[in-house]
Visitor: 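After the structure tokens below, expect a handful of questions from me.
Indexing begins at 1, ligand by ligand and atom by atom, following the structure's order.
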Amino acid sequence: MKIHVKKGKLTAIKSQAIILALFQDQKELTGTPLLIDQAGNGLITELINNGDFAAKPSQISVVYTRGAIPAQRIALVGLGKKSAVDLEIIRTAFAKVMQYLRNINVQEAATSPELNWLPEEKDKTVQAIVEGALLGLYQYTPYKTVGREDIKEMEQLNIVVEGKEYSFIESAVKKAQIITGAVYFARDLVSAPSNEMTPSVMAQKAGQIARRKNVTGKVLDKAKIKLLGMNSLLGVAAGSNEEPKFIILEYSGGSKSAAPIVLVGKGLTFDSGGICIKPAEKMDEMKSDMAGGAAVMGAVMAAADLQLPLNIIGLIPATENMPSGTAYKPGDILKSYSGKTIEVINTDAEGRLILADALSYASRYKPAAIIDVATLTGACIIALGDDVIGMLGKDEQLKKEINMAAEITGELVWELPLWESYHEQIKSDIADYKNSGGRAAGTITAAAFLSKFVGDFPWVHLDIAGPAWTSKDKSYIPKGASGIAVRLLVEFLRNRAFAEKK
Ligand code: BES
Ligand code: MN
Ligand code: ZN
């Protein structure tokens, strides 16, 4: 869907539907809704007084204007109580109303952002409207060949602005489009089946990002990975006919001397479990095991498009985890890139193995911070459910920054402890570490394992196993790939960039 920012008034605009968002506890109509109500002979007050519409969060009512104003329909959407409104409520309301309009075959709509909903967060309000509208309308359709003509699509959203706020709103919309574009990019990568989204294809997609200004891309092939001694990554890749790739994206928007932020994303294009093969049920969803890598690629892409004054590195170890005659086996010992040895207890605990090498590689950059994003453990879903990102790390400042970004983006994050005592569980009898600490505290012991491969740099681990893939529609996340952590990372980076400038 295209978004146009236009000068004008909602009351005067020709549109298939104008969207008006109202509060539940609003006693009287004001502003544009009042003008439209008057022009339409009480058309909105009638709906409210008769109880059709109470403006509860995401409640929707669509009425025809019958010529009272140039727009054909009015779509009312509720924002709930004014005192309780937040960015998530706005995102959700706009997602729902756009989906509703698309369902009734409306192809174009218009709305005006009200910057007084959240006076402290004017640009974020505009961003939330755009995010809700675009993210809620996402559909993945390239493989639908039958009945394509029945696919409903919203063509355009006009953001109508009166006078002085125009350039402010236009710039906020542009930024929001960049960010949602990066979420779409990540969702597309994760939605694609693993027979298409192989490590090589992921590397090609990274190449598209590398064409941007200030971005360079490098892909280490299997020979180079071997030469560097990334045997932990190679071990996981051993069972697959697909060549592993180690993808490197370098964005240099900051000063030459500024230490970069390194983002590491798990790029398991398909996780069968390997020799410790997974049950068939839901194994198809394991094409989404590269969601962390997709999120990192999306974040670098958005950072470059936003021209953030930062240096950012994206590292994505990409491979399949397959069982075969050449596959790595339980009991095998791998010598990682760091030199530390790992006893393989379970070939299904492969994510931490490929991340180990990437996290050690990150040290090369003497980073200001390292953040890894991974669909790492089923245990995280047991602990926190389907909607929440697990966060682990030792750096209080970095965790605080992630929590702040979570608050703004609505990408929920909850911290789990990483106390010393958990490290006992990953000690191996014959190697330095083992790749599984058993069922107890599975998310924590996975993070404890990762911590052994991070140099002395501020580091945070984000386990996105729960929210990366969703089996049921959530307001602005249609079922399937969520693109989770793109907006979180971008918000974190934008805040860093802002702090840098001061
Ligand atoms: N990719 C999975 C984790 C996962 C499970 C993500 C379900 C999303 C949904 C990961 O590689 C894995 O298999 N982890 C194992 C670790 C265990 C063998 C120590 C797990 O969580 O069971
Ligand atoms: Mn696994
Ligand atoms: Zn996995």
Visitor: Treating Glu320 as the side-chain partner and Pro199 as the backbone partner, does any N or O pair qualify as donor plus acceptor under 3.5 Å?
Guide: no

Visitor: Mind checking whether Ala349 has an N or O less than 3.5 Å away from an N or O of ligand 1?
Guide: no

Visitor: Give the numbers and elements of all ligand 1 atoms closer than 4.0 Å to a heavy atom of Ala465.
Guide: 6 (C), 8 (C)

Visitor: Give the numbers and elements of all ligand 1 atoms closer than 4.0 Å to a heavy atom of Arg352.
Guide: 16 (C), 19 (C)

Visitor: Counting heavy atoms only, name the option from Met286, Glu285, Lys282 that's nearest to atom 7 (C) of ligand 1.
Guide: Met286

Visitor: What is the total of protein N/O/S atoms that are closer to the Zn ion (ligand 3) than 2.8 Å?
Guide: 4

Visitor: Does an N or O from Ser436, backbone or side chain, lie closer than 3.5 Å to an N or O of ligand 1?
Guide: no

Visitor: Report the relative orientation of the aromatic rings in Tyr433 and Phe449; use parallel for angles under 30°, tilted for 30 to 60°, perpendicular for over 60°.
Guide: perpendicular

Visitor: So is there a nitrogen or oxygen of Lys266 less than 3.5 Å from a nitrogen or oxygen in ligand 1?
Guide: yes

Visitor: Using a plain distance cutoff, I'd like to know if Asp348 has any nitrogen or oxygen under 3.5 Å from a nitrogen or oxygen of ligand 1.
Guide: yes

Visitor: Which residues and atoms, protein N, O or S only, are under 2.8 Å from the Mn ion (ligand 2)?
Guide: Asp271 OD2, Asp348 O, Asp348 OD1, Glu350 OE1

Visitor: Using a 3.5 Å cut-off on N or O atoms only, is Asn346 in polar contact with ligand 1?
Guide: no

